[in-house]
Amino acid sequence: MTLLGCGPVSEECDLCAGQSDCTCPPDEPVTHCVADPAPASTPAVVMGYQDGKGFVALESGGAVPVQFGAQGGSHVDAAVRIYAGGMAIRQADVSFVATDYTAHTIAAVEICTSWSEVLLRVFDPPGGAAMMRVDMMDADGAMLGTEELPVELQ
């Protein structure tokens with residue numbers, strides 16, 4: 001079960017309202033620093049989604065929950081962690097690409113000495129098999145790198 005404007009409902013996070021241990025995904029993209037250990041090489045990207053409790057990392061072919069609203073719209077509460085390692089990554093374009101359709105959202109990336117976590121909504125994603133793609137850009141929009149991961153939008 002999913003709710004309009006909130007992550008998937010779980011027993012621990014029923015309705016995402018008024019519970020201190022439940023965090024609803026933001027309506028607008030947000031970014032913040034995460035103090036996890038540095039990766040072996042940089043830049044590094046971990047793709048995932050928000051489940052109402054926080055970041056869930058995805059593996060190749062992993063399931064990504066699609067949220068459906070009462071008026072027929074849909075979105076994915078995507079999450080991406082980027083370790084820039086000195087690169088001037090200031091924007092992330094997160095997209096879900098299917099054979100004949102792409103849905104994406106561009107968000108600012110906070111300058112961090114550790115991991116930058118970007119939380120954002122991608123509206124009207126394709127269903128089924130897709131490629132989750134993160135294009136990393138500098139402040140002027142110049143492409144610095146791309147990462148892709150096959151996922152299943154459900």
Side-chain angles (χ1 to χ4, degrees), residues 2-8 13 16 22-69 71 73-154:
T2 58
L3 293 174
L4 179 65
C6 197
C13 187
C16 263
C22 181
T23 304
C24 284
D27 289 329
E28 297 294 325
V30 296
T31 182
H32 59 271
C33 300
V34 177
D36 283 348
S41 62
T42 60
V45 176
V46 178
M47 293 179 230
Y49 63 91
Q50 304 164 68
D51 71 350
K53 291 278 193 185
F55 181 84
V56 176
L58 284 166
E59 294 183 13
S60 182
V64 180
V66 177
Q67 314 301 313
F68 296 94
Q71 297 177 344
S74 63
H75 67 270
V76 170
D77 290 321
V80 177
R81 288 186 176 176
I82 300 172
Y83 196 98
M87 291 184 68
I89 298 170
R90 300 297 176 260
Q91 300 179 67
D93 184 349
V94 179
S95 58
F96 292 95
V97 182
T99 304
D100 58 349
Y101 182 75
T102 299
H104 75 105
T105 299
I106 297 176
V109 176
E110 185 170 339
I111 301 168
C112 299
T113 57
S114 58
W115 290 89
S116 298
E117 184 173 274
V118 181
L119 310 173
L120 67 157
R121 286 203 165 138
V122 178
F123 290 93
D124 300 319
M131 188 69 66
M132 185 174 180
R133 177 181 172 129
V134 178
D135 293 323
M136 296 164 283
M137 300 165 285
D138 67 13
D140 296 321
M143 187 71 67
L144 298 174
T146 298
E147 293 289 331
E148 294 183 329
L149 183 70
V151 296
E152 185 72 25
L153 293 162
Q154 303 179 341

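Keep in mind it's a predicted model, so treat the numbers as computed, not measured. Only heavy atoms go into these numbers, but all of them, side chains included; no hydrogens, no water, no symmetry mates.
The disulfide bond (SG atoms under 2.5 Å apart) analysis of residues 125-154, with sequence neighbours excluded, yields no pairs. Residue pairs that meet the disulfide bond (SG atoms under 2.5 Å apart) test with at least one member in residues 122-154, sequence neighbours left out, do not exist here. For residues 75-113, every residue pair satisfying the disulfide bond (SG atoms under 2.5 Å apart) rule, not counting sequence neighbours, is listed here: C33-C112. Contacts classified as disulfide bond (SG atoms under 2.5 Å apart) and involving residues 125-154 (residues at least two apart or in different chains) are not found. Residue pairs that meet the ring-ring contact (aromatic ring centres under 6.0 Å, His included) test with at least one member in residues 76-97, sequence neighbours left out, are Y83-W115.
Partners of D93 according to the side chain to side chain donor-acceptor pair (under 3.5 Å) rule, which considers only residues two or more places apart in sequence or in another chain, are H104. For F55, the ring pair (Phe, Tyr, Trp, His ring centres under 6.0 Å) test picks out no residue, with sequence neighbours left out. With sequence neighbours left out, the side chain to side chain donor-acceptor pair (under 3.5 Å) criterion links D36 to R81. R90 is linked by a salt bridge (charged side-chain N to carboxylate O under 4.0 Å, His left out) to nothing, counting only residues two or more places apart in sequence or in another chain. Under the side chain to side chain contact (heavy atoms under 4.5 Å, CB included) criterion, T105 pairs with P29, L120, V122, not counting sequence neighbours.
Considering every non-hydrogen atom in both D124 and G73, the closest pair reads OD1-CA, 4.3 Å. Between V66 and P125, the shortest heavy-atom contact is CG1-CG, 4.0 Å. Here the closest non-hydrogen pair linking V118 and A107 is CG1-CB, 3.6 Å. Summarising the geometry of I82 relative to A92, their closest heavy-atom pair is CD1-CB, 4.1 Å, with the distance given to 0.1 Å. Minimum heavy-atom separation, A79 to M132: O-CE, 4.1 Å.
Counting heavy atoms of neighbouring residues, nucleotides and ligands inside a 6.0 Å radius, atom CD1 of I106 exceeds 12 of them.
Between M47 and V134 the shortest side-chain heavy-atom distance falls below 4.5 Å. Counting heavy atoms from C-beta on, the side chains of D77 and L119 never come closer than 4.5 Å.
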For residues 136-154, tabulate all N or O donor-acceptor pairs below 3.5 Å that involve a side-chain atom, not counting sequence neighbours.
{"unit_1": "D138", "atom_1": "OD1", "unit_2": "D140", "atom_2": "N", "d": "2.9"}
{"unit_1": "D138", "atom_1": "OD1", "unit_2": "G141", "atom_2": "N", "d": "3.0"}
{"unit_1": "D138", "atom_1": "OD1", "unit_2": "A142", "atom_2": "N", "d": "2.9"}
{"unit_1": "T146", "atom_1": "OG1", "unit_2": "D135", "atom_2": "OD1", "d": "2.8"}
{"unit_1": "E148", "atom_1": "OE2", "unit_2": "R133", "atom_2": "NH1", "d": "3.2"}

